[in-house]
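What follows is a set of notes on a single structure, which appears directly below.
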Amino acid sequence: MPSVRRVSHEFLQRQGLTTVFGNPGSNELPFLAGLPEGFRYVLGLHEGAVVGMADGYAQATGRPVLVNLHAASGSGNAMGALTNAAASRTPLVVVAGQQVRPAIGPEANLANVDAPALMKPLVGWAAEPACAQDVPRALAQAVFEAGLQRRPTYLSVPYDDWDAEADENGPAVLDRRVERASAPGGEQARRLAERVAAAERPALVLGGDIDAAGLFDDAVRLAEHLGAPVWAAPSLFRLPFPNRHPLFRGVLPAGIAPVCEAFEGHDLVLVLGAPVFRYHEYLPGRYLPEGTRLLQVTEDAAAAARAPMGEALVADPGAVIELLVRTLDSPGAPQERFRPAPEPRTAGDGLLHPEQVFAALRDELPGDTAYVVESTSTNSSWWRQMDLRRPGSYYFPAAGGLGFGLPGAVGVAMAQPDRPVVGVVGDGSANYGITALWTAAQHRVPLTVVLLRNGTYGALRWFGELLGVPDAPGLDIPGLDFTRIAEGYGVRAQQVGGVEELRAALAERPDHPRLLQVDTALTTPD
Ligand code: TZD
Ligand code: CA
């Protein structure tokens, strides 16, 4: 019989999980022994960066990705990054090493005492196989659960298991295939179409899942077919709709009262591919205006179950879009043109306004550029200036956990080598995932990082005002020079002065990573 390791490696190969993002320790080495031809191990120097890179890579490829972490300490370091992967529904398969079986109970050094429990709230499924012979099957389950649930999964494997002989049924996992189809049934489809057809002023709310599922263009078809206004769901992590499209109304504000206000006058709100809703600021009020009904269509059964209002249908939003376009009449709404961006605002004191930076990105970079954004106080400036019309154009840390921006940009760029990728990262955010620069340099990833340096945690200054805390300590971050930090990790860097210098730099297309540091004025997120 082949070893547990051999069967497991072959399973991963057959499933196409051959790019591994990891940071190993002693417990993990036996899994990595004799990795077959075709595997690629992408080393990250900190587990937060490892998971952030894997998250970006998995989102951009749309496929499950293997992550290799070290026991409890490595898994613990990855927790913050996993909050984002859980919220963006990224299928990461985390395989962590464990001490040998006899050493776990006595808590030898590097034993992960209750490994599944450590990770449970953040992953959709976590396990440590009960015996070595169950490892290949459990690994298969980790991969399939990640794909079906669209959530990270976690498998802890005692390192003496890999050398064990597989039992005769072990190789049975090699031929497994697990798929899901979830079009609404006949009666559900009829009711849904009737509800939407009967609405006099329907509105659409689209979540990040729409872009993740490759439904960006389908969403445009549906909106134009219905002539309905479109919002992006609150706490947006991927853009589901062209942001300058005449039907686009922007990202919903992440508070109960303002969301209710936005829906005023609409009798039906159809939410596709989003939880209802990921609010942020606590701004209490009614969930919905009088006379507004809400209907949520999502593949995420947990999101349907936990929503505090409305009806929900757990189904593939793609199948529902298709159904509505096919069965409903179009009012034939006249098509206006895409809205132009306004003149960018300017700032004094030799600083650039973030709007000037974003206008430069918009004008100088190709229309299919993918942006990974982690700059929190510049949110409104971003949407005022950008013009994103393509699928997969925008990624943001889905749970607001900083440390996704730089690693996520590296992962997206590795997944899409032919597409320009730009990380737009604040001087605060950059520190949480800074080690990803090293991986970018080692793999010569052609990534541009635009580092916005305003010397402070800008969004927290704004939040402080909102919460009546104008005098909180620990908000300023002077004395950081990311050109020198980047150079230390092997990434070429440049301090950029004015708009013209920025535009000239952006017009270049180097085949290696680079960082452009821009000193910017402080703005507010809304
Ligand atoms: N730690 C982690 C892991 N995630 C967080 N979200 C925070 C801390 C808190 N936080 C925010 O929510 S925004 C922010 C922090 C520290 C400031 C980010 O600063 P920045 O961007 O320089 O990247 P702005 O544009 O100056 O706000
Ligand atoms: Ca900042």
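One-based numbering, in listed order, for ligands and for the atoms of each. Everything numeric in this text was worked out from a predicted model, so none of it was measured.
- R453 pairs by the salt bridge (charged side-chain N to carboxylate O under 4.0 Å, His left out) definition with D519, not counting sequence neighbours.
- Of the listed options P354, S377, P525, S381, S377 places a heavy atom closest to atom 25 (O) of ligand 1.
- Remark: among candidates F404, Y457, Y432, the nearest residue to atom 19 (O) of ligand 1 is Y457, based on non-hydrogen atoms.
- Taking D427 as the reference, nothing meets the salt bridge (charged side-chain N to carboxylate O under 4.0 Å, His left out) condition, with sequence neighbours excluded.
- Ion pairing between D476 and R461 holds under the 4.0 Å rule for side-chain N and carboxylate O.
- Heavy-atom proximity to atom 7 (C) of ligand 1, evaluated over T456, L402, V424, is greatest for L402.
- Contacts with ligand 1 closer than 4.0 Å are made by no heavy atom of L522, backbone or side chain.
- Note on D427: its N/O/S atom closest to the Ca ion (ligand 2) is OD1.
- Ranking the protein heavy atoms by distance from atom 12 (O) of ligand 1 puts L460 CD2, 4.2 Å first.
- Here OH of Y371 is found 9.5 Å from CZ of R362. Values are rounded to the nearest 0.5 Å.
- Nearest protein heavy-atom contact of atom 23 (O) of ligand 1 is S429 OG, 2.6 Å.
- N454 lies close to the Ca ion (ligand 2), since one of its N, O or S atoms is found at a distance under 3.0 Å.
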